[in-house]
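What follows is one structure encoded as structure tokens, with my remarks underneath.
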Amino acid sequence: MPFSLGPRAISAGYRLAAFESIGSTNAEAMSRARGGERGPMWFVTSEQTAGRGRRNRAWIAPRGNLASSILEVIDVSPSVAATLGFAAGIALETALRRVSQKASPGSAGTEHMQFSLKWPNDVLAGRQKLAGILLEAEALADNRLAVVVGIGTNVVAAPEGTPTPATSLAALGVDVGAEELFSALSDSWAEFRGVWDAGRGFGDIRRLWLERAAGLGLPVAVHTGASTVEGIFDTIDEAGCMVVRTADGRRVPISAGDVYFGAAASAGAA
Ligand code: BTN
């Protein structure tokens, strides 16, 4: 089955470039933007050989997994563009829920079928990472911003030995292919990109994100690179920063870091 856009994505004017195999859909999307492509356009493959993850990590996507990137060229500041990642998390959670319910209606609502969003923008199934999102932005000559939102989902396989244990749809018993998930994702992206509305709708996106948040109100440790902040995950603020309430009563906003919940948080996320 070839990759195709969903009906909502098509009527919203999205276009699609699908690849049998490619190094990185994010790299391809940004290179097209540098060459004059103005989107909105999806780049998708089920085999990515040089995938990029957050914080300069590699993202392994063997054949059968879904690697997809959306290019949007928009007239917003980089800090507003960064909040688009939260819309992406909601879009992906929505698509995963829709296709899983369709694939195995009997098990919808059982514990392993619950998806949640881990700040800044991972999707978890239970406590395991199912998908990750990498947002990259670059200013263009006309002063607009090329924003590439890369979404990687473990459909058939998950990496082993990762800091947060990973899982795949196949391991969860959800019999869905990358193509079907992509079509649902392209539609839910069009929906929540519309809600985000160049950042004007971030209040609604923030509320929807918090409804799906993993670990809200629980102990957390966040490695920022320079330090580790420990406390209770309070909320995300109007800029999308994670707000951690520390033992001495401060509310510390964090703009980037690796998040550890539960035992890993209480142990200082060693
Ligand atoms: C993370 O580290 O959790 C983010 C992973 C993002 C991976 C996706 S796969 C599609 C797109 N192309 C890339 O090279 N990376 C992103």
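These numbers were taken from a predicted model, which means no experiment stands behind them. Each ligand, and each atom within it, is numbered from 1 in the order the structure gives.
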Under 3.5 Å, is there a donor-acceptor pair between the side chain of Asp122 and the main chain of Lys129? no
Here the atoms of ligand 1 under 4.0 Å from any heavy atom belonging to Gly51 are 14 (O)
For atom 8 (C) of ligand 1, the closest protein heavy atom turns out to be Gly152 N, 3.6 Å
Any nitrogen or oxygen of Ser68, side chain or backbone, less than 3.5 Å from one on ligand 1? no
Ranked by distance from atom 12 (N) of ligand 1, the top protein heavy atom is Gln48 OE1, 2.9 Å
Checklist entry - Taking atom types as modelled and ignoring hydrogens, do the side chains of Thr235 and Arg251 form a donor-acceptor contact shorter than 3.5 angstrom? => result no
For Thr25, the ligand 1 atoms with a heavy-atom partner under 4.0 Å come out as 10 (C), 11 (C), 12 (N)
query = What class does the angle between the rings of Tyr260 and His223 fall in, given that below 30° is parallel, 30 to 60° is tilted and above 60° is perpendicular?
reply = tilted
Please determine, by modelled atom types, if Trp196 and Glu72 share a side-chain donor-acceptor pair under 3.5 angstrom. no
Numbered in order shown, the ligand 1 atoms found under 4.0 Å of a heavy atom of Asp122 are 3 (O)
Nearest non-hydrogen protein atom to atom 2 (O) of ligand 1, with distance, is Arg54 N, 2.7 Å
Exercise. Please determine if Trp59 has a nitrogen or oxygen closer than 3.5 Å to a nitrogen or oxygen of ligand 1.
Key: no
Looking only at protein heavy atoms, what sits closest to atom 3 (O) of ligand 1 is Lys129 NZ, 2.6 Å
Value for OG1 (Thr45) from CD1 (Ile22), rounded to nearest 0.5 Å, stands at 7.0 Å
Within 4.0 Å of some non-hydrogen atom of Asn26, the atoms of ligand 1 are 11 (C), 12 (N), 13 (C), 16 (C)
the protein heavy atom lying closest to atom 15 (N) of ligand 1 turns out to be Arg52 O, 2.7 Å
Here the atoms of ligand 1 under 4.0 Å from any heavy atom belonging to Ser69 are 11 (C), 12 (N)
| said: Measuring only between side-chain heavy atoms, which start at C-beta, is Ile236 closer than 4.5 Å to Pro120? | reply: no
Side chains of Thr246 and Asp248: is there a donor and an acceptor less than 3.5 Å apart? yes
query: Should Arg15 and Glu37 count as side-chain neighbours, where that means a heavy-atom distance under 4.5 Å?
result: yes
Report task. Describe, in one word, how the ring planes of Phe261 and Phe233 are oriented to each other, choosing from parallel (under 30°), tilted (30 to 60°) and perpendicular (over 60°). Result -> parallel
Atoms of ligand 1 under 4.0 Å from any heavy atom of Ile133, numbered from 1 in the order shown, are 4 (C)
